[in-house]
Amino acid sequence: MTTTDSTCSPNFIRNIIAEDLKANKNEGRVMTRFPPEPNGYLHIGHAKSICLNFGIAAEYGGVCNLRFDDTNPSKEDIEYVESIKSDVRWLGFDWGDRLFYASDYFEKLYEYAVQLIKQGKAYVCDLSAEEIREYRGTLTQPGKESPYRTRSVEENLDLFERMRAGEFEDGSRVLRAKIDMISPNLNMRDPTIYRIRRAEHHRTGNKWCIYPLYDFAHCLSDSIEGITHSLCSLEFEDNRPLYDWFLDELKVYHPQQIEFARLNLTYTVLSKRKLVQLVEQRYVSGWDDPRMPTISGMRRRGYTPESIRNFCERIGVAKRDSIVDMALLEYCIREDLNQRAPRVMGVLRPLRLVIDNYPEGQVEDLEAINNPEDPGMGSRKVPFSRELYIEREDFLEDPPKKFFRLAPGREVRLKHAYYITCVGVVKDEQTGEIVELHCTYDPETRGGWSEDGRKVKGTLHWVSAAHSLKAEVRLYDYLFVKANPDDEKNGPDFKAYLNPNSLETLTSCRVEPDLAGATPGSRYQFLRQGYFCIDSRDSSDGALVFNRTVTLRDSWAKIAKKKE
RNA sequence: UGGGGUGUCGUCAAGUGGUAAGACACAGGAUUUUGGUUCCUGCAUUCGGAGGUUCGAAUCCUCCCACCCCAGCCA
């Protein structure tokens with residue numbers, strides 16, 4: 001992995017680990033893990049956790065395991081494990097030979113449960129799900145003990161064995177930890193640790209009909225693997241006493257759980273529950289829709305792994321709930337692409353322009369630098385001819401103050417080409433729409449320079465009409481119009497804030513011929529427009545499709561906006 | 001009204017008793033064959049509030065306020 005992107009500011013987790021290391025806790029070992037449940041696609045929030053876990057391990061000379069938390073076969077699928085693996089890899093992280101599954105430990109976990117029963121710390125309970133809920137009490141009222149709580153060890157052992165053997169119906173019995181029904185922490189009121197569920201598991205098939213629950217499986221999986229620091233999100237703080245309880249009762253190696261705040265981002269949602277709705281209810285085209293905050297969506301949109309890693313470093317890690325400004329993510333991708341994306345000319349909304357004094361049939365190959373930020377990227381030739389396309393919005397018949405672009409009688413520069421002056425405007429007689437511009441060029445300004453030192457205020461991008469390639473361009477905007485669509489208090493459902501203009505498809509764009517045969521996934525800066533990426537799903541040699549990753553910063557847009 | 005957490009600039013976020021880092025955003029200005037990039041400059045007399053301890057408090061103490069999480073046989 002290339003780590004040019006570590007600015008490494010201190011955070012409370014690094015502090016804890018540094019102190020642990022100083023105290024020689026765990027013999028100076030650091031081992032973390034990223035433990036996704038394979039029931040959905042990874043998103044930028046997961047990237048924060050991935051970067052944290054893999055990053056911190058690398059930083060302290062340790063390792064990070066990839067472990068699938070696959071204890072709920074009815075929700076999980078192999079499709080998700082494959083996508084998760086490829087997303088983590090794409091982000092630039094390597095779990096080596098440490099790919100694990102909680103299901104690898106089912107047998108061991110079963111033995112631990114038996115041990116708990118033998119210690120009188122777990123019992124089989126015949127209460128129904130509803131009864132268990134009633135017995136649990138509420139936030140302010142204590143719970144009451146199950147009538148099955150006092151079963152003998154022998155009976156519990158027998159019943160649990162028969163649960164495993166498939167003698168009982170789904171949901172008819174569970175195994176519970178025997179802790180404290182009047183604990184103010186609901187998690188400690190005899191939590192369920194095994195349920196009967198006849199569902200085919202994507203790895204263990206039909207071998208099991210009982211499956212452990214998160215609280216039981218997670219801490220023990222951490223323990224089995226020898227994890228030193230088990231990082232999870234804030235909502236598990238209340239589960240920590242239970243995490244500790246199992247490990248203490250079973251007297252096994254005891255990792256330390258540390259909670260941090262999950263990522264929130266403006267103008268999007270980052271909960272699997274909500275993302276899955278967007279996919280299933282067709283608000284987006286799929287998990288990898290470029291508007292989605294999923295890793296696969298962002299990849300398709302044109303984000304680089306480096307930019308995402310850098311973003312994750314910049315946002316920091318803390319315990320307070322926060323919502324990071326999308327502008328920071330955009331800053332990170334612009335920063336990266338500015339350095340590495342070749343410049344190219346593409347006209348999104350073409351307006352025909354004829355250079356009256358340019359010889360008909362003549363074509364010149366003009367030299368264009370590929371990236372002013374990196375001369376090493378060389379240059380290319382761009383064909384210039386009498387008939388061109390320029391951007392519609394680069395011409396205004398009646399320009400406002402501070403508009404530097406083309407207007408009747410005005411001279412501007414065509415990037416890498418010539419100075420041109422607008423001498424005529426052709427309009428559709430019916431609609432009044434401008435259909436063509438007539439200009440003259442100054443042959444003395446080849447390359448875009450003028451010997452006489454004459455200055456020109458604007459520089460426009462362009463393509464040669466006859467040589468340019470047709471392309472489809474998809475312009476993306478925020479998925480939501482509200483900065484915090486998650487805020488549904490007394491308001492409508494988050495989907496009410498979906499941005500109706502989050503996707504605009506332009507089908508008559510024109511790009512320079514150099515782009516013929518460009519490979520899917522490759523990224524470019526369209527001069528003066530933004531960064532674009534060839535769509536890896538829909539683009540083909542004959543029909544180029546570009547996704548706009550992000551616009552360039554646009555100070556003219558700001559000025560124009562201020563005016564009105 | 002039980003328990004667990006959190007409150008430092010518009011947004012993130014350092015700071016751990018010695019007198020408020022940094023980033024994004026924003027606002028000016030310079031350079032520019034991208035109104036891009038880059039470069040300068042500005043942007044918390046104040047750390048949720050009120051008291052207290054101290055020569056000295058964002059950091060310690062007390063009380064108060066606000067927000068988040070927990071009543072799945074989900075994770």
Can you tell which of [options] lies closest to the side chain of [X]?
X      : options                : answer
A:R528 : B:rC24, B:rG35, B:rA14 : B:rG35
A:P184 : B:rG3, B:rC24, B:rC74  : B:rG3
A:I132 : B:rU34, B:rC68, B:rC73 : B:rC73
A:A129 : B:rU37, B:rA71, B:rC73 : B:rC73
A:K75  : B:rC74, B:rA75, B:rG35 : B:rC74
A:T459 : B:rG35, B:rC74, B:rC68 : B:rG35
A:E37  : B:rC70, B:rC74, B:rC12 : B:rC74

Problem - Minimum heavy-atom distance A:A341-A:M377, with the two atoms named - result: C-CE, 4.3 Å
May I ask you to verify if any side-chain N or O of [X] is less than 4.0 angstrom from the OP1 or OP2 atom of [N]?
X      : N      : value
A:R334 : B:rG36 : no
A:R240 : B:rG4  : no
A:S9   : B:rA21 : no
A:N371 : B:rU37 : no
A:R314 : B:rA13 : no
A:T71  : B:rA75 : yes
A:R197 : B:rC74 : yes
A:R136 : B:rC70 : no
A:Y214 : B:rC74 : no

Reckon [X] touches a base, only the sugar-phosphate, or nothing at all at heavy-atom distances under 4.0 Å?
X      : value
A:K319 : sugar-phosphate
A:K558 : sugar-phosphate
A:N72  : sugar-phosphate
A:L127 : base
A:Y531 : nothing
A:N239 : base
A:V456 : nothing
A:R320 : base
A:E373 : base
A:F236 : base
A:A318 : sugar-phosphate
A:P372 : base
A:Q339 : nothing
A:F404 : base

Practice task
Start with the C-alpha gap between A:D514 and A:K381, add the side-chain angles, then the distance that decides, and say whether salt bridge (Lys or Arg N to Asp or Glu O under 4.0 Å) holds.
Solution key: CA-CA 8 Å; A:D514 212 52; A:K381 299 288 190 186; over 6 Å; no
Practice task
Walk me through it: do A:Y80 and A:F68 pass the test ring pair (Phe, Tyr, Trp, His ring centres under 6.0 Å)?
Solution key: CA-CA 10 Å; A:Y80 298 121; A:F68 286 95; over 10 Å; no
Completion exercise
Whole-Å distance, A:E134 CD to B:rC73 C1', equals 15 Å
Practice task
Give the rounded distance in Å between these two atoms: CZ of A:F12 and C1' of B:rU59.
Solution key: 18 Å
Fill in the blank from the handout: Any strand, both distances under 3.5 Å, Watson-Crick or G-U wobble: B:rG2 pairs with B:rC70
Taking atom types as they are modelled, is there a donor-acceptor pair under 3.5 Å from the base of [N] to the side chain of [X]?
X      : N      : result
A:Q529 : B:rU34 : no
A:E130 : B:rG72 : no
A:R405 : B:rG35 : yes

[atom1] atom, [N] versus [M]: distance in rounded Å?
N      : M      : atom1 : result
B:rU59 : B:rC9  : P     : 15 Å
B:rG22 : B:rG15 : C1'   : 12 Å
B:rC61 : B:rG72 : P     : 36 Å
B:rA20 : B:rA44 : P     : 12 Å
B:rA25 : B:rG51 : P     : 39 Å
B:rC69 : B:rU37 : C1'   : 44 Å
B:rU8  : B:rU45 : P     : 15 Å
B:rC74 : B:rC63 : P     : 41 Å

Aromatic ring proximity, centroids under 6.0 angstrom, [Y] and [X]:
X      : Y      : value
A:F160 : A:Y194 : yes
A:F403 : A:W556 : yes
A:F526 : A:Y531 : no
A:W449 : A:Y419 : no

Handout entry: Pairwise 5' ranking along RNA chain B for A:S128 and A:F403, keeping only the more 5' one
Key = A:F403
Completion exercise
Comparing A:R133 with A:E237, nearest RNA chain B nucleotide closer to 5' gives the residue A:E237
Practice task
Report the residues that fulfil ring-ring contact (aromatic ring centres under 6.0 Å, His included) with A:F236, sequence neighbours left out, ordered by chain and then residue number.
Solution key: A:Y214
Problem - Value rounded to 0.5 Å, distance of CG in A:D215 from CG in A:N239 - result: 4.5 Å
Completion exercise
What residues 185-194 of chain A contributes to the RNA chain B interface at heavy-atom separation below 4.0 Å is A:L186, A:T192
Fill in the blank from the handout: Given the 90°-from-0 boundary between syn and anti, B:rG72 should be labelled syn
Handout entry: Ring-base stacking, A:W556 with B:rG35 (5.5 Å, 30° cut-offs)
Key = yes
Exercise for the section: Check the surroundings of atom CD1 in A:I182: do more than 12 heavy atoms from other residues, nucleotides or ligands lie under 6.0 Å from it? Expected result: no
Handout entry: Matching residue for A:Y211 among A:Y110, A:F106, A:F216 - test: ring-ring contact (aromatic ring centres under 6.0 Å, His included)
Key = A:F106
Problem - Note: A:E393-A:R405 ion pair, threshold 4.0 Å (strictly below) - result: yes
